[in-house]
Amino acid sequence: MRVLSGIQPTGNLHLGNYLGAIRNWVKMQDEMDSASQCFFFLADMHSITVHEGREQRLRNVREMAAALVACGIDPERSVLFNQARVPAHAELCWLLNGTARIGWLNRMTQFKDKAGKNREGVSIGLYVYPVLQAADVLLYQATHVPVGEDQKQHLELTRDIAIKFNTDFEREVFTLPDPIIPKETARIMSLRDGSAKMSKSDPSDQSRINLTDDDDAIAQKVRKAKTDPEPLPSEAKGLEGRPEALNLVGIYAAMAGTSADQVCAQFAGQGFGAFKPALADLLVSSLHPIRERYVALKDDQAALDAILVKGAEKAAAAAEPTLRAAYDAMGLMR
Ligand code: TYM
């Protein structure tokens, strides 16, 4: 079993990242047997599709590394690194550009969402972004890729690229990866709009809970979260057509480690005046220790850099045989 996943080091880690992906990373790491390996990385090469100054980008990578460690990623057991330190990602991306088809990339909904009406004005990097993501996964022969729902299409593309490459060059160079998407928390929604996902790029900070928010900020965001005037139903199916209520109940269930049905049973007939303070308390008590670990780590530049350098060395060594096999299959002398 080879587990691999990545996160863009742009902005803060938010509750959607945590419940959709990072919590699963930690769980898979903790349940790993000795024959398996986990690779987690900061997708700083992907982050060039978002404009950022030099200092900000350097800071973001270290801060996101600190956030992952604070959430429970253990650099002794998992390989934690930043993509830019492992040039094999960019190299394999270029090779795969010969395999990926324009028609496939044209179907990517994330590109369409991010480009919006400005398709001609966005960078080529944004367009080929999913090919670099395919390289990230295929380089390590990853079998399991824990992600949120929004990355599912990129992983389907990764599989298509791997199949076409293996077929075209008549060699099993790449393993086909499976996405691991949590059922209940695959898509955590914005606190301001139950039809939009919680996202780093939402201009309103009130739309998300950042793992760096202090206790008061968390409580205030929950208090102000959009809801409806109805009381909570006794079963989760009564939340149909109430996206904001469904989202908050889902967050409560995920944080408490129970089901939406159980949460509804507990709060049946009560309004949000009763539910929101309970949700705020639960979030504060769960996120407080993560924030404390994060604050203790985030300014220790030397320690963070040492983790990332060591991780990159291990990642480069693990990537090398696959990269070599890809060059060789294509008849490229290296
Ligand atoms: P990114 O940085 O946008 O998000 C990191 C992870 O968090 C998940 N996620 C969510 N899950 C549930 N609800 C939400 N509201 C929510 N928002 C984000 C994402 O699904 C993701 O798992 N392209 C990727 C990074 C990447 C990658 C890879 C991932 C680069 N190469 C290779 C896996 C394998 C991205 O931008 O994720």
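Model, not experiment: these values are computed from the prediction. Each ligand, and each atom within it, is numbered from 1 in the order the structure gives.
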Closest approach of any protein heavy atom to atom 37 (O) of ligand 1, naming residue and atom: Gln151 NE2, 3.8 Å
Carboxylate-amine/guanidinium proximity below 4.0 Å for Asp305 and Arg62: yes
Proximity winner for atom 19 (C) of ligand 1, if only heavy atoms of Asp150, Asn247, Asp202 are counted: Asp150
Atom 6 (C) of ligand 1 [closest protein heavy-atom partner, distance rounded to 0.1 Å]: Ala21 CB, 3.7 Å
Steps toward ring-ring contact (aromatic ring centres under 6.0 Å, His included) verdict (His46, Phe41): CA-CA 11 Å; His46 278 108; Phe41 67 94; 7.4 Å; no
Part of Ala186 with heavy atoms under 4.0 Å of ligand 1, whether side chain, backbone, both or neither: backbone
Gln8 and ligand 1 - part of the residue with a heavy-atom distance under 4.0 Å: both
Atoms in ligand 1 flagged as close to Gly20, the criterion being non-hydrogen separation under 4.0 Å: 11 (N), 12 (C)
Residues clustering with Val50 (ILVMFWY side chains joined when closer than 4.5 Å, directly or via others): none
Atoms of ligand 1, numbered as shown, that sit under 4.0 Å from any heavy atom of Val147: 22 (O), 33 (C)
Salt-bridge present (Arg324, Glu320; N to O < 4.0 Å): yes
Close aromatic pair by centroid cut-off 6.0 Å: Phe81 and Phe40: no
Between Phe111 and Tyr127, ring centroids under 6.0 Å: yes
Met198 N/O to ligand 1 N/O under 3.5 Å: yes
Nearest-contact summary for atom 25 (C) of ligand 1 - protein heavy atom, Å: Gly6 O, 3.6 Å
Ionic contact status for Asp328 with Arg171, cut-off 4.0 Å: yes
Ser5 to ligand 1, any heavy atom closer than 4.0 Å: yes
Parallel, tilted or perpendicular: ring planes of Phe275 versus Phe272, cut at 30 and 60 degrees: perpendicular
Short side-chain to backbone donor-acceptor contact, Asp261 and Ala236, under 3.5 Å: yes
Ligand 1 N/O within reach of Thr185 N/O, cut-off under 3.5 Å: no
Region of Asp136 that comes within reach of ligand 1 [heavy atoms, distance under 4.0 Å]: side chain
Under-4.0 Å salt bridge between Arg159 and Asp178: yes
Ligand 1 versus Trp25: contacting region, heavy-atom distance under 4.0 Å: neither
Closest approach of any protein heavy atom to atom 7 (O) of ligand 1, naming residue and atom: Asn17 ND2, 3.1 Å
Per-atom contacts of ligand 1 with Tyr129, taking only distances under 4.0 Å to non-hydrogen atoms: 23 (N), 24 (C), 35 (C), 36 (O)
4.0 Å heavy-atom contact, Ile22 with ligand 1: no
Close-contact set for ligand 1 against His46 heavy atoms, below 4.0 Å: 30 (C), 31 (N)
Part of Val137 with heavy atoms under 4.0 Å of ligand 1, whether side chain, backbone, both or neither: side chain
Gly148 N/O under 3.5 Å from ligand 1 N/O: yes
NZ/NE/NH1/NH2 to OD/OE distance under 4.0 Å, Asp215 and Arg291: yes
Pairing of Glu63 and Lys298 as salt bridge, 4.0 angstrom limit: no
Ligand 1 contacted by Gln110 (non-hydrogen, < 4.0 Å): no
Distance-only N or O hit between ligand 1 and Gln133, under 3.5 Å: yes
N or O contact, His154 vs ligand 1, cut-off under 3.5 Å: no
For His14, atoms of ligand 1 separated by under 4.0 Å from a heavy atom: 17 (N)
Contact check: Gly16 vs ligand 1, nitrogen or oxygen atoms, below 3.5 angstrom: yes
Side chain to side chain donor-acceptor pair (under 3.5 Å) involving Asp193 - partner list, sequence neighbours excluded: Ser195
Shortest reach to atom 13 (N) of ligand 1 by a heavy atom, considering only Ile188, Leu139, Asp44: Ile188
Asp150 bridged to Arg187 by N-O distance under 4.0 Å: no
Pair Arg208 + Asp213, salt bridge at N-O below 4.0 Å: no
Region of Lys200 engaging ligand 1 - heavy atom pairs below 4.0 Å: side chain
